[in-house]
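Everything quoted here is computed from the prediction, not taken from an experiment. Here, residue 1 is the first one in the sequence, and each next residue gets the next number.
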Amino acid sequence: VQLQASGGGLVQPGGSLTLSCGVSGFISNYKAIGWFRQAPGKEREGVSCITETDDATYYADSVKGRFTIFRDNAENTVTTVYLQMNNLKPEDTAVYYCGTGYVRGPDIIRNIIWDHWGQGTQVTVSS
């Protein structure tokens, strides 16, 4: 599996950004594709994911209502997964990674086991 993320940048508080991730390769139905982030001095945090089986979506409590994950399967071998981020806050500042992982409940976004990810993209929210 190969993943490549893009779309990060500098944005003011309250602004919006859309991250995109091109995913190629076989992904098991036991997995999800999603995003996690890591800020300096903080633990990695699952942000959002979408499952392979039924496109169910999951979000961290810190981003619910502000972030939306969706996918585009237009090309046969490449899936693009997007993370629309609205009403960004300074605490959203981090390096964002897209990845695949095994899902397990309950609380899927906290317990997902990330096994493949690409290079991250920096998101900075600052005035």
* Asked: For the atom pair OG (S126) and CG (D92), what is the distance rounded to the nearest 0.5 Å?
  -> 12.5 Å

* Determine yes or no for a side-chain-to-main-chain donor-acceptor pair under 3.5 angstrom, with T93 supplying the side chain and V125 the backbone. => yes

* **V123 side chain near M85 side chain, heavy-atom distance below 4.5 Å** => yes

* Structure fact -> Contacts of T51 meeting side chain to side chain donor-acceptor pair (under 3.5 Å) (sequence neighbours excluded), chain-then-number -> D54

* Path from V95 to L17 over hydrophobic side-chain contacts below 4.5 Å -> no

Exercise answer: donor-acceptor pairs, residues 26-33 side-chain atoms, under 3.5 Å, sequence neighbours excluded:
| from | atom 1 | to | atom 2 | distance (Å) |
| --- | --- | --- | --- | --- |
| S28 | OG | Y30 | N | 2.9 |
| K31 | NZ | D115 | OD2 | 2.5 |

* Asked: Does any N or O in the side chain of Y59 come within less than 3.5 Å of the main-chain N or O of I69, such that one atom is a donor and the other an acceptor?
  -> yes

* Determine the minimum heavy-atom distance between V1 and V23, stating which atoms define it. => CG1-CG1, 4.1 Å

* **Nearest atoms (heavy-atom pairs only) where C98 meets L3** => SG-CB, 3.8 Å

* Verify the neighbour count for atom CD of E45: are there more than 12 heavy atoms of other residues, nucleotides or ligands below 6.0 Å? => yes

* Which atom of N111 lies closest to which atom of P106, heavy atoms considered -> ND2-O, 2.6 Å

* Sub-4.5 Å side-chain heavy-atom contact between S16 and V11 -> no

* Asked: With ring centroids as reference points, do F67 and W35 lie under 6.0 angstrom apart?
  -> no

* Asked: Under 3.5 Å, is there a donor-acceptor pair linking the side chains of S62 and E91?
  -> no

* To do: Can you see which heavy atom on T121 is nearest to which on G7, and at what distance?
  => OG1-N, 4.1 Å

* Kindly check if the number of other-residue, nucleotide or ligand heavy atoms within 6.0 Å of CD (Q119) is above 12? => no

* Structure fact -> Heavy-atom nearest pair, S48 first then L83, reads CB-CD1, 4.1 Å

* Going by atom types only, do T18 and Q84 share a side-chain donor-acceptor pair under 3.5 Å? -> yes

* Asked: Would a 4.5 Å heavy-atom cut-off, applied to side chains only, mark T57 and D55 as touching?
  -> no

* To do: Say whether, by atom type as modelled, one donor and one acceptor occur between the side chain of R37 and the main chain of V47 under 3.5 angstrom.
  => no

* Pick out which of Y58, Y96, W117 makes a ring pair (Phe, Tyr, Trp, His ring centres under 6.0 Å) with F36. => W117

* Heavy atoms, side chains only, cut-off 4.5 Å: are R44 and Y97 in contact? -> no

* Cluster question for you: counting only ILVMFWY and a side-chain heavy-atom cut-off of under 4.5 Å, with indirect links fine, are I109 and I50 together? -> no

* Asked: Does the pair K64/D61 count as a salt bridge with the N-to-O cut at 4.0 Å?
  -> yes

* Verify the distance criterion only: is there a donor paired with an acceptor across the side chains of S6 and S20 at less than 3.5 Å? => yes

